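This report refers to the structure that appears directly beneath it.
A quick note: this is a predicted structure, and the numbers were derived from the prediction, not measured. Remember, it's 1-based here, ligands and their atoms both numbered in the order they're listed.
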Amino acid sequence: MRALQYVEIGSPPRVVDVETPEPGPGEIRLKVTAAGVCHSDEFIMSLPEDQYIYGLPLTLGHEGAGTVDALGEGVTSVEGGESVAVYGPWGCGRCHACARGMENYCPYAADLGIAPPGLGAPGAIAEYMIVDDARHLVPLGDLDPVRNVSLTDAGLTPYHAIRSSMPKLVAGSTAVVIGTGGLGHVAIQMLRALTGAHVIALDVNDEKLSLAKDVGAHETVLSNAEAPDAIRRLTGGLGATAVFDFVGAPPTVAIAAASVATDGDVQIVGIGGGTATVGFGATPFDATFQAPYWGARYELIEVFEMARRDQVHVEIETYSLDEAPRAYERLHAGQVRGRAVILPNG
Ligand code: NAD
Ligand code: ZN
């Protein structure tokens with residue numbers, strides 16, 4: 001089969017021929033319908049050799065959807081041909097975190113050699129992929145796999161972050177979304193559908209700000225050193241009830257820390273290396289800073305329910321497997337509107 005692999009540190013990913021994988025006991029093989037392209041792929045491919053921990057060659061793609069193609073020994077809970085999406089942050093399945101569905105925070109996965117597809121295990125940008133357990137499949141039913149595949153990360157990750165701040169996002173509150181790309185444009189829709197917050201979107205790119213408006217942002221502000229003042233003005237001096245930073249770089253974390261209200265939340269979702277100094281006098285009283293990772297299994301089911309009720313959608317650009325390297329080039333150049341989705345089987 002053909003797959004998009006990161007083969008060599010510092011080189012762009014390539015389409016290569018590899019063995020079609022066979023499902024082992026308990027595993028499921030999917031014929032991949034659609035696979036999303038995430039900025040985190042770009043991040044791991046930018047790491048120097050001494051920090052790169054994902055193995056080479058690495059088949060990319062941690063947002064995957066497909067049809068059940070072959071069942072390993074003992075798998076009885078899914079049927080051939082079923083349309084499914086893959087829950088990516090695989091855990092051990094037995095510990096306290098996993099029992100609560102929060103496999104994203106399984107403390108044992110790494111030691112057990114369990115890694116998400118596309119981030120250690122072979123990923124979804126391939127004609128076929130192996131999923132380690134049926135519990136990591138969510139039935140899609142009538143949902144279009146191509147339009148919805150990115151909800152497995154670009155939907156689940158903002159949902160997990162927003163859900164934990166929801167008790168504060170009451171009528172009259174304000175939410176700031178920094179970075180209105182793949183994750184951010186979904187976050188805006190979720191905030192509108194689930195909370196009473198006034199939504200202010202920040203980006204450095206005018207086209208992304210226009211996408212933010214299209215998907216429901218009340219206000220847009222250019223992301224620069226003046227942005228905290230603009231946010232204070234727009235909130236009558238109070239600041240933002242919650243700031244969701246989908247860039248996480250030093251300048252955006254600085255904006256987040258300077259914009260949050262007393263008793264507000266800062267959620268640093270982007271992995272751009274920014275850090276905040278938190279302390280008495282340095283940050284508003286009772287402000288909470290969190291750096292969440294991906295989301296829980298039950299939350300992915302909830303995200304797909306939002307899609308079924310037309311509360312959230314993903315703006316997509318589609319590419320064939322041969323064109324997949326170009327999707328990464330466009331992502332790198334900041335040109336993707338919403339999410340790039342690869343169709344490995346055409
Ligand atoms: P993306 O490239 O689709 O979107 C990023 C957006 O940020 C773009 O619109 C870009 O114009 C904008 N941007 C860049 N610099 C900015 C700045 N200084 N101020 C405001 N906006 C700026 O990326 P994505 O796939 O949506 O991922 C967003 C971030 O979230 C990445 O860092 C990614 O690695 C990370 N991520 C984290 C998790 C997690 O679990 N914590 C999960 C998925 C992705
Ligand atoms: Zn991702």
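- Judged purely by atom type and a 3.5 angstrom limit, Q267 uses its side chain to pair as donor or acceptor with the backbone of A161.
- In this structure E323 satisfies the salt bridge (charged side-chain N to carboxylate O under 4.0 Å, His left out) test with no other residue, sequence neighbours excluded.
- Ring centers of Y328 and Y6: at least 6.0 Å apart, outside the cut-off.
- For R330 (side chain) and Q335 (main-chain N/O), a donor-acceptor pair under 3.5 Å exists by modelled atom type.
- Side-chain contact annotation: E63 with S150, donor-acceptor N/O pair under 3.5 Å present.
- Checked by atom type and distance alone, the side chain of T157 never pairs as donor or acceptor with a backbone atom of A154 at under 3.5 Å.
- The distance from the OG1 atom of T174 to the CG atom of L191 is 11.0 Å, given to the nearest 0.5 Å.
- Near ligand 1, C38, H39, S40, D153, T157, I178, G179, T180, G181, G182, L183, D203, V204, K208, S223, F246, V247, T252, V269, G270, I271, P292, Y293, W294, L331, R339 each place a heavy atom less than 4.0 angstrom from the ligand.
- Protein N/O/S atoms found under 2.8 Å from the Zn ion (ligand 2): C38 SG, H62 NE2, D153 OD2.
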Solution key, residues 251-261 side-chain donor-acceptor pairs under 3.5 Å, sequence neighbours excluded:
unit_1	atom_1	unit_2	atom_2	d
T252	OG1	D245	OD1	3.2
T252	OG1	D245	OD2	2.8
T252	OG1	G248	N	3.2
T252	OG1	A249	N	3.0
T252	OG1	A249	O	3.0
S259	OG	I255	O	2.6

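- F285 and F280 have tilted rings, their planes meeting at an angle from 30° to 60° on a 0 to 90° scale.
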